[in-house]
Amino acid sequence: MNVVSLASGSKGNAYIVEQDADALLVDCGLGPRIFKARMSEFFSADIRFHGVLLTHNHSDHISGLKAFLKSNPDVPVYANEMTADAVVYETGVSPDVFVRFENGQDFDVGPFYVEPFSVPHDASDPVGYLIKGKKTYFHATDIGTPIESAGKKFASASLATIEFNHDSQMLHTSGRLPSLIRRIVGPRGHLSNDEAAEFITKWASPSIEKVALAHLSQDCNVAHLALEAASSALTSKGLNGVAVEVFCQDKVVAL
Ligand SMILES: [Zn+2]
Ligand SMILES: [Zn+2]
């Protein structure tokens with residue numbers, strides 16, 4: 001089971017979960033040209049998309065959806081009711097493309113079993129996903145508070161993508177508007193390196209094999225700070241053998 005980030009961050013997000021050429025796209029915040037170019041770096045043309053899973057309606061997660069559906073008209077889009085309605089309004093995609101789910105209600109997509117769970121973030125009704133194929137994959141990229149219900153999902157995963165959005169000190173000295181800083185650090189904003197590391201420390205279990213650090217702020221974080229925070233959290237749990245990758249805005253990274 002492969003997890004590949006085509007892009008990760010506030011300028012666009014798109015993640016592929018694939019096994020044996022069966023694939024899910026998690027979010028579609030990349031334009032068609034870059035999407036195709038980055039896909040071809042890692043995948044052959046015979047990949048089959050069984051669905052798009054949307055986490056929430058922020059533009060960095062949905063801006064490329066309409067173009068993706070133009071090239072892939074038969075691929076259904078999975079979202080909860082409020083996210084689907086917001087995405088129809090914001091992108092102009094047809095409401096008919098959606099398979100609407102309720103948070104906490106699991107469903108099958110192709111060979112994958114998908115468990116959507118609520119996360120705190122300032123969007124319509126944001127979710128993270130636990131995706132079960134040959135491995136169990138945890139995905140949460142925009143999560144303002146490291147809540148217990150997400151932690152329990154993470155504890156069952158062997159692969160995981162977790163937001164490491166910002167370094168607190170870099171954010172507070174960034175010169176950004178105080179209102180924006182308040183939004184980012186707020187309970188429905190984004191996780192700092194320290195908060196994400198605490199989440200790992202609290203919930204990581206021996207089942208975990210690989211962790212990707214995602215949605216890093218380009219102005220208020222650097223990869224080595226996120227990596228240090230994640231590595232020391234894993235070490236504190238005796239999980240030194242876990243592979244850690246940093247997902248990037250501008251290039252393909254495989255977990
Ligand atoms: Zn985002
Ligand atoms: Zn967001």
Side-chain angles (χ1 to χ4, degrees), residues 3-17 24-31 34-35 38 52-68 77-91 93 103 116-129 137-147 150 160-168 170-171 174 176-177 179-193 195-196 199 212-221 223 226 245-253 255:
V3 175
V4 175
S5 165
L6 303 184
S8 182
S10 60
K11 297 197 176 93
N13 291 271
Y15 308 87
I16 312 287
V17 179
L24 299 177
L25 172 60
V26 181
D27 288 337
C28 194
L30 270 186
I34 296 175
F35 184 91
R38 294 195 187 165
V52 183
L53 306 181
L54 296 183
T55 60
H56 65 297
N57 63 307
H58 285 161
S59 63
D60 54 321
H61 297 258
I62 60 168
S63 62
L65 182 63
K66 195 169 188 179
F68 175 84
V77 182
Y78 292 79
N80 60 34
E81 192 78 32
M82 283 174 70
T83 300
D85 289 349
V87 171
V88 168
Y89 179 76
E90 286 162 25
T91 66
V93 299
N103 300 357
F117 56 91
S118 293
V119 294
H121 186 59
D122 54 0
S124 281
D125 188 7
V127 297
Y129 291 103
Y137 169 60
F138 171 90
H139 183 98
T141 57
D142 295 56
I143 172 168
T145 308
I147 54 170
T161 292
I162 305 169
E163 167 167 62
F164 274 67
N165 181 257
H166 57 275
D167 172 77
S168 295
M170 286 180 74
L171 178 64
S174 63
R176 291 183 170 189
L177 286 173
S179 57
L180 177 58
I181 293 176
R182 273 198 300 278
R183 189 212 140 223
I184 293 169
V185 302
R188 283 157 46 86
H190 293 278
L191 283 189
S192 70
N193 292 344
E195 288 172 315
F199 179 77
L213 319 183
H215 214 292
L216 272 69
S217 165
Q218 287 187 306
D219 303 328
C220 301
N221 209 350
E245 295 287 346
V246 179
F247 283 168
C248 300
Q249 188 68 82
D250 298 320
K251 63 174 185 173
V252 179
V253 181
L255 181 56

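As the structure lists them, so they are numbered: ligands from 1, and atoms in each ligand from 1.
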Pairs flagged by salt bridge (charged side-chain N to carboxylate O under 4.0 Å, His left out) wherever residues 181-192 is involved - sequence neighbours left out: D122-R183
Is it true that H190 and H166 have ring centroids separated by less than 6.0 Å? no
Partners passing side chain to side chain donor-acceptor pair (under 3.5 Å) against K11 (at least two apart in sequence or in another chain): Q218
Are a donor atom and an acceptor atom from the side chains of Y129 and T55 found within less than 3.5 Å of each other? no
The expected count of protein N/O/S atoms at less than 2.8 Å from the Zn ion (ligand 1) is 4
When you compare the side chains of D27 and N13, does any donor N or O come within less than 3.5 Å of an acceptor on the partner? no
S118: partners by side chain to side chain donor-acceptor pair (under 3.5 Å), with sequence neighbours left out: N103
